[in-house]
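In the text below, chain A, chain B and the rest are named by the order of the sequence lines, each starting its count at 1. This is a predicted model, so every value here is computed, not measured.
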2 protein chains.
Amino acid sequence: MTDKKKKKPTSFDVARLANVHRSAVSRALSGSGRVSEDTRKRVIQAAQELGYRVNFLARGLQNQNSGLVGLVASRLDTPYRASQVKVAARELLAKGYCPILIVAEGDVTLSGLIDRLLNYSVSGMIVTSDSPPAEIIEECKRLSVPVVLINRDLREVAADRVQLDIQASGQLAFDMLREAGGRRFAVLDPSQETFTVTGRARAFATCCHSAGMPAEVITPVGQNYADGLEAADLFMAAKCEADAVFCSTDLLALGFLDGMRVKYGRRLPEDIQILGYDDIEQAGWLGNNLSTICQDAGAAAMLAVDLLQARIEDGSRPFECATIPITPVHRATTRKITT
Amino acid sequence: MTDKKKKKPTSFDVARLANVHRSAVSRALSGSGRVSEDTRKRVIQAAQELGYRVNFLARGLQNQNSGLVGLVASRLDTPYRASQVKVAARELLAKGYCPILIVAEGDVTLSGLIDRLLNYSVSGMIVTSDSPPAEIIEECKRLSVPVVLINRDLREVAADRVQLDIQASGQLAFDMLREAGGRRFAVLDPSQETFTVTGRARAFATCCHSAGMPAEVITPVGQNYADGLEAADLFMAAKCEADAVFCSTDLLALGFLDGMRVKYGRRLPEDIQILGYDDIEQAGWLGNNLSTICQDAGAAAMLAVDLLQARIEDGSRPFECATIPITPVHRATTRKITT
DNA sequence: TTGAAAGCGCTAACAG
DNA sequence: CTGTTAGCGCTTTCAA
């Protein structure tokens, strides 16, 4: 006969059953504090029997720290972000934290949501959003809530961060396209600016310029598939003659790719070469086979979680900035390099 | 001069500044309880001034209810699931709850994670995972934590649920392919069983059988792109002569599609017709243009959140089972229906 | 309407 | 090593 509608057992009940004091129960179950092997066993046993579970709200209230971690992410339905969030959540969970997911759509609402997060005495926050207002980050610092920023602007307040090397990204893109025989370059640089996306597009353009081969700039609105499609129209309308285009995002690249080959009958890489960025799963699909630059979403997420944990454990350590590794991925939308 | 390292202000501080008692602060800020307009204003004012925020852990401890909601999801890096989780999180947030994201990978660890969730006195739980162990759901019921199941097995314990009509799905798939001129049918039915995916594949097969045109069954391992690719190999190896194949998942369909056209040079829909299921974003991409059946992930998520909220507000209402709407999406991998 | 007081369930500091 | 004693910050009766 299991206790149906009984109230949840408290540490007090466990204590009574195990014939010890509540504090002994706490010590035995929270791991901290010394307890005799005997008591520990009796407590565990009693807890088991009663189906007791520690109330984390009470514990958090006492410790001023809930074990909850805010995970702020925009564009969650995007392949890159989805896998990043997945890994971050998994790692957080593995380390004993509980991720509260805040999905951002338009900054308007976001600050209210993060505000709510702060009410829970979160132990920390990982921000992977494109653009959470800086004031919010400030607010966190004020409340001394550790924050780890993924790919956010450098000028931000002091905080641990994980980001990719923007200059190196633009350079790598240029090198890949150049080595594949590109002569006339173009780049897709969304008008909705984003720190890393805009950054690498500009860096690429700069490299082209420095090499004496200025790139034409196509400006779709956003950085999604549909925008890539739009970019193809823009490209044609402008009678752009580039033979090698760097799309600052895989989604953009895939849209542009489809536009060029399906809508405008271009062959790849013969008529035009396309290079993406991110290496999302779809880039590797047989029908796309997109050459790209891989920035490992999972690695970035894990770095972020590690940094956060380190800071939670030692709030006074110096701020760190981890770099996301990038690697070239040669597939079928760029020519084979003749060695 | 903002208070730098000061402790966080409590309701006590606000009370003092507003010249009222702490309970008045609570009443003014929690909405419940009557307060004079004057006190309310003073409290709000004082709270503002101090940068006070209610401690939800303390509130939750008192109310036995934290406002936290568990969101259990597997395969988050899959387009369908990602957009579902995004919408669920957004809706939850909009209704004042905070979603704790539990990502499931293999049932082994999952039960421990949900266990942890329960320690936070979550107000409810939405389970969209393929297969969280039934005992866990039982445990939730035992602790009277409301649970909403999305597309989980019917034989489950009593709970609110959101699911699609499996029979209707199989039937619709058959009808679409039949009307598009299909003669010989095949179906991809993953060996890793999943309630809805396996269900509609079987339902489709049953429809074929009933119509006197038994379907050939291809059995890839999972339900992802790579498995679809594998299915194409299986299809060819078996010298399958089907001219219309129902892939129980868009990812499967896209993999199968790429395998058939890129690897085996088949044209669509001339040589073979393919129908997917889900209508993920990629299905609509120009290069794929996959005919499919749309099950609206966002709608499902919203239904789930609504059901959960209703149950949290009234634990005694009868259990409900909402149905996810499905609609045919005719694109280029099936023939135009001659009207 | 408002103040007083009693907890919610737990942990940590302090004695024993 | 174990029991005692204070709270953590809030809500909620209960009087006034």
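- With 3.5 Å as the limit, one finds no donor-acceptor pair spanning the side chains of A/Gln309 and A/Tyr97.
- Going from atom CG of B/Leu143 over to atom P of C/dG9 covers 13 Å, rounded to whole Å.
- Distances shown here put a side-chain N or O of B/Gln64 below 4.0 Å from the OP1 or OP2 atom of C/dG9.
- When the shell of 6.0 Å around CZ of B/Phe12 is examined, it contains 12 or fewer heavy atoms from other residues, nucleotides or ligands.
- Between D/dT12 and B/Ser26, no contact under 4.0 Å exists linking OP1 or OP2 to a side-chain N or O.
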Evaluate side-chain hydrogen bond (donor to acceptor under 3.5 Å, both in side chains) for B/Gln84 paired with B/Arg81, printing each intermediate quantity in order.
CA-CA 5 Å; B/Gln84 192 166 52; B/Arg81 191 50 53 71; 3.1 Å; yes

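- In this entry the distance linking CD of A/Gln62 with P of C/dC10 reads 11 Å, nearest Å.
- One finds a side-chain N or O of A/Thr39 lying less than 4.0 angstrom from the OP1 or OP2 phosphate oxygen of D/dT2.
- When rounded to the nearest whole Å, the span between CZ of A/Arg16 and P of C/dG9 equals 13 Å.
- The CZ-C1' distance, from B/Phe56 to D/dC8, rounds to 17 Å in whole Å.
- Comparing A/Glu37 and A/Ser23 against DNA chain D, the residue whose closest nucleotide sits nearer the 5' end is A/Glu37.
- For the pair B/Asn63 and D/dT12, the criterion of a side-chain N or O lying under 4.0 Å from OP1 or OP2 is met.
- The number of heavy atoms from other shown groups lying within 6.0 Å of NZ (B/Lys95) is above 12.
- Residue-level contact check: B/Val25 touches neither bases nor backbone, having no heavy atom under 4.0 Å from any strand.
- Using a 4.0 Å heavy-atom criterion, one finds that B/Ser36 contacts the sugar-phosphate atoms exclusively.
- Look at CG on A/Asn19: it is 16 Å from C1' on D/dC1, rounded to the nearest Å.
- Between the CZ atom of B/Arg40 and the P atom of C/dT1 there is a distance of 10 Å, given to the nearest Å.
- In this structure, A/Tyr120 does not reach the D/dG9 phosphate: none of its side-chain N or O atoms is under 4.0 Å from OP1 or OP2.
- Taking atom CZ of A/Arg27 as the reference point, atom C1' of D/dT2 lies 6 Å away to the nearest angstrom.
- If you check every strand for non-hydrogen atoms under 4.0 Å, A/Thr10 touches sugar and phosphate atoms only.
- You'll find that the side chain of A/Arg22 is closest to D/dA6, out of D/dG3, D/dA6, D/dC10.
- Using a 4.0 Å cut-off, some side-chain N or O of B/Ser11 falls inside it from OP1 or OP2 of D/dC10.
- A/Arg42 and A/Gln45 are not linked by any side-chain donor-acceptor pair at a separation below 3.5 angstrom, with hydrogens and angles left out of the test.
- Look at CG on A/Leu61: it is 12 Å from P on C/dA12, rounded to the nearest Å.
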